[in-house]
Amino acid sequence: MTIASFPVTAIFDWYDRHGRSLPWRRRWPELAPAYHVWLSEIMLQQTVVATVIPYFLDFTRRWPEICDLAAAGQDEVMAAWAGLGYYARARNLHRAAGIVCAEHEGRFPADVEGLRRLPGIGPYTAGAIAAIAFGRHSTVVDGNIERVLARYFAITTPLPAAKAEIGARYDEILPSERPSDFPQALMDFANAVCTPRNPGCGACPLAGGCAARRAGTAEALPVKAPKKTKPQRRGIAFVAIDSRGRTFMETRAERGMLGGMLAFPSAGWTPDDGVYDPENPFASAPFGADWRMAGETVSHVFTHFSLTMDVALAEHDGAGPPENWHPVRPARLPTLMRKVWTVARRQL
DNA sequence: GATCCGTGGGC
DNA sequence: TGCCCAAGGAT
């Protein structure tokens, strides 16, 4: 097996000219603080840069060091994460902060094996932190780098089976110089030039050696498994408000949808929250009240299903355990619940 | 390996 | 409008 050739210099040249400036980014030989690298990498999992930036700035302002984050309440962290999605990331983030602060004197492990043991850090994130924060020559393969390498080497094995081969190629082309810049350069480049659709092959500095370009198959790679169709679900959310303007909300179970997040009581849209019969909409109400239906519904699309949510309303005092009455105005809610509140507040 | 887990932007 | 997708991880 010959070592794959890859124009590393062209990638670095592109990065030096077009690489983005980001709040968590430094340029070799400077290395960004591991706390910033870790926080940004967790936020960037399946999430675009533009969405992450304001959350990153907010988190680092609230909690400048990792032990500040570790000392925060879980509810505080979840509220700050509200709207970013994939809420298990926030729970694991807080857990990992506690471990690093308590067991590692606030310093992150500097190698892949140590990082990999922390909750929320998988193969990609461990490699990324080791490279970007510690200058290690670790394997860093995300969706962007998968795409570039699958095209450059014309790898036609479908994902995720192709991951092993792509990882091996990455290790072969990894240069000795600028180990913290290399994966970031590849990701920036893939994001701006080697895009999923309409890749910019015409102006691509890698076009000369790209096997997919030569074969005319760039846009068809990487090959992915076909998607499943999304089922349509229907549910109901109950919004009650008391005479002091407080609404009845609960903290959801850590398992399942919107785990650990503040939410209006609801039914019918996850496997564990009971049945919803639209013919008898108030049967699953959290407590007895003079419930009425709002005049409109909420539509929301999740990763694996689409949801139509009915909204029930009531003015009510004294229902439910007092500790579950949360003031809604300052609360940060997951987007579905924010939509429910938008509908409800117009009619309460 | 397959499934679950959010959200917003681009086309 | 509907579909695609994005710096994945846990189970």
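Side chains are part of it too, since the values below use all heavy atoms of this structure and drop only hydrogens, waters and symmetry mates. Convention: sequence-line order gives letters A, B, ...; per-chain numbering from 1.
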Problem - Aromatic ring proximity Tyr55(A)/Trp81(A), centre distance under 6.0 Å - result: no
Problem - Centroid separation His304(A) to Phe302(A) less than 6.0 Å - result: no
List in numerical order all residues of [range] for which some heavy atom is under 4.0 Å away from an atom belonging to DNA chain C.
{"range": "residues 31-44 of chain A", "answer": "Glu41(A), Leu44(A)"}
{"range": "residues 177-187 of chain A", "answer": "Met187(A)"}
{"range": "residues 117-125 of chain A", "answer": "Pro119(A), Gly120(A), Ile121(A), Gly122(A), Pro123(A), Tyr124(A), Thr125(A)"}

Would you classify [X] as touching base, sugar-phosphate or nothing, given that sugar-phosphate means primed atoms plus P, OP1 and OP2, and contacts are heavy atoms under 4.0 Å?
{"X": "Thr335(A)", "value": "sugar-phosphate"}
{"X": "Val49(A)", "value": "base"}
{"X": "Arg338(A)", "value": "sugar-phosphate"}
{"X": "Leu307(A)", "value": "nothing"}
{"X": "Leu258(A)", "value": "sugar-phosphate"}
{"X": "Lys228(A)", "value": "sugar-phosphate"}
{"X": "Arg25(A)", "value": "base"}
{"X": "Val301(A)", "value": "base"}

Atom-pair distance ([atom1] on [X]; [atom2] on [N]), nearest Å:
{"X": "Tyr55(A)", "N": "dA6(C)", "atom1": "OH", "atom2": "P", "value": "21 Å"}
{"X": "Glu219(A)", "N": "dC4(C)", "atom1": "CD", "atom2": "P", "value": "14 Å"}
{"X": "Tyr86(A)", "N": "dG9(C)", "atom1": "OH", "atom2": "P", "value": "12 Å"}
{"X": "Met257(A)", "N": "dT11(C)", "atom1": "CE", "atom2": "C1'", "value": "16 Å"}
{"X": "Arg89(A)", "N": "dG8(C)", "atom1": "CZ", "atom2": "P", "value": "9 Å"}
{"X": "Tyr87(A)", "N": "dG8(C)", "atom1": "OH", "atom2": "C1'", "value": "17 Å"}
{"X": "Glu146(A)", "N": "dC5(C)", "atom1": "CD", "atom2": "C1'", "value": "13 Å"}
{"X": "Glu254(A)", "N": "dT11(C)", "atom1": "CD", "atom2": "P", "value": "11 Å"}

Can you list, pair by pair, the side-chain donor-acceptor contacts under 3.5 Å of residues 217-224 of chain A, counting residues two or more places apart and other chains?
residue, atom, partner, partner atom, Å
Glu219(A), OE2, Asn198(A), N, 3.1

Practice task
Let me know which of Arg213(A), Arg147(A), Arg151(A) forms a side chain to side chain contact (heavy atoms under 4.5 Å, CB included) with Pro199(A).
Solution key: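 The option that passes is Arg151(A).
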Exercise for the section: Please name the residue in the list Val141(A), Val140(A), Thr139(A) that meets the side chain to side chain contact (heavy atoms under 4.5 Å, CB included) test with Tyr124(A). Expected result: Val140(A)
Qualifying residues under side chain to side chain contact (heavy atoms under 4.5 Å, CB included), relative to [X], sequence neighbours excluded:
{"X": "Pro54(A)", "answer": "none"}
{"X": "Asp290(A)", "answer": "none"}
{"X": "Ala80(A)", "answer": "Asp58(A), Phe59(A), Arg62(A), Trp63(A)"}

Handout entry: Glu65(A) atom CD, over 12 foreign heavy atoms within 6.0 Å
Key = no
Practice task
Write out all pairs satisfying salt bridge (Lys or Arg N to Asp or Glu O under 4.0 Å) with one or both partners inside residues 249-276 of chain A, taking only residues at least two apart or from two chains.
Solution key: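 Listed once each, the pairs are Arg91(A)-Glu254(A).
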Handout entry: Lys230(A) side chain near dG2(C) phosphate (N/O to OP1/OP2, under 4.0 Å)
Key =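 False: Lys230(A) side-chain N/O out of range (4.0 Å or more) of dG2(C) OP1/OP2.
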Handout entry: First-last contacting nucleotides on DNA chain B - partner chain A, under 4.0 angstrom, heavy atom
Key =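 From 5' to 3', the first and last contacting nucleotides are dT3(B) to dG8(B).
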Exercise for the section: May I ask you to list the residues sharing a hydrophobic cluster with Leu31(A), side-chain cutoff 4.5 Å, ordered by chain and number? Expected result: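 Trp28(A), which link up through side-chain heavy atoms under 4.5 Å apart, make up the rest of the cluster.
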Handout entry: Distance between P atoms of dG6(B) and dT11(C) (Å, rounded)
Key =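 Here dG6(B) and dT11(C) have their P atoms 14 Å from each other.
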Handout entry: Residues forming a salt bridge (Lys or Arg N to Asp or Glu O under 4.0 Å) with Arg234(A), sequence neighbours excluded
Key =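 Partners of Arg234(A) by the salt bridge (Lys or Arg N to Asp or Glu O under 4.0 Å) criterion, ordered by chain and then number, come out as Asp310(A).
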Exercise for the section: Measure across Gly135(A) and Pro179(A) and return the closest heavy-atom pair with its distance rounded to 0.1 Å. Expected result: O-CG, 3.3 Å
Practice task
Would you check, one step at a time, whether the test ring pair (Phe, Tyr, Trp, His ring centres under 6.0 Å) holds for Phe248(A) with His316(A)?
Solution key: CA-CA 9 Å; Phe248(A) 182 76; His316(A) 191 79; 9.2 Å; no
Practice task
With DNA chain B as reference, determine whether Pro160(A) or His300(A) sits nearer its 5' end, using the nearest nucleotide of each.
Solution key: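 Result of the comparison: Pro160(A).
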Identify each donor-acceptor pair in which a side-chain atom of residues 100-115 of chain A lies under 3.5 Å from a protein atom, sequence neighbours left out, and give them as a table.
residue, atom, partner, partner atom, Å
Asp111(A), OD1, Glu113(A), N, 3.2
Asp111(A), OD1, Gly114(A), N, 2.8

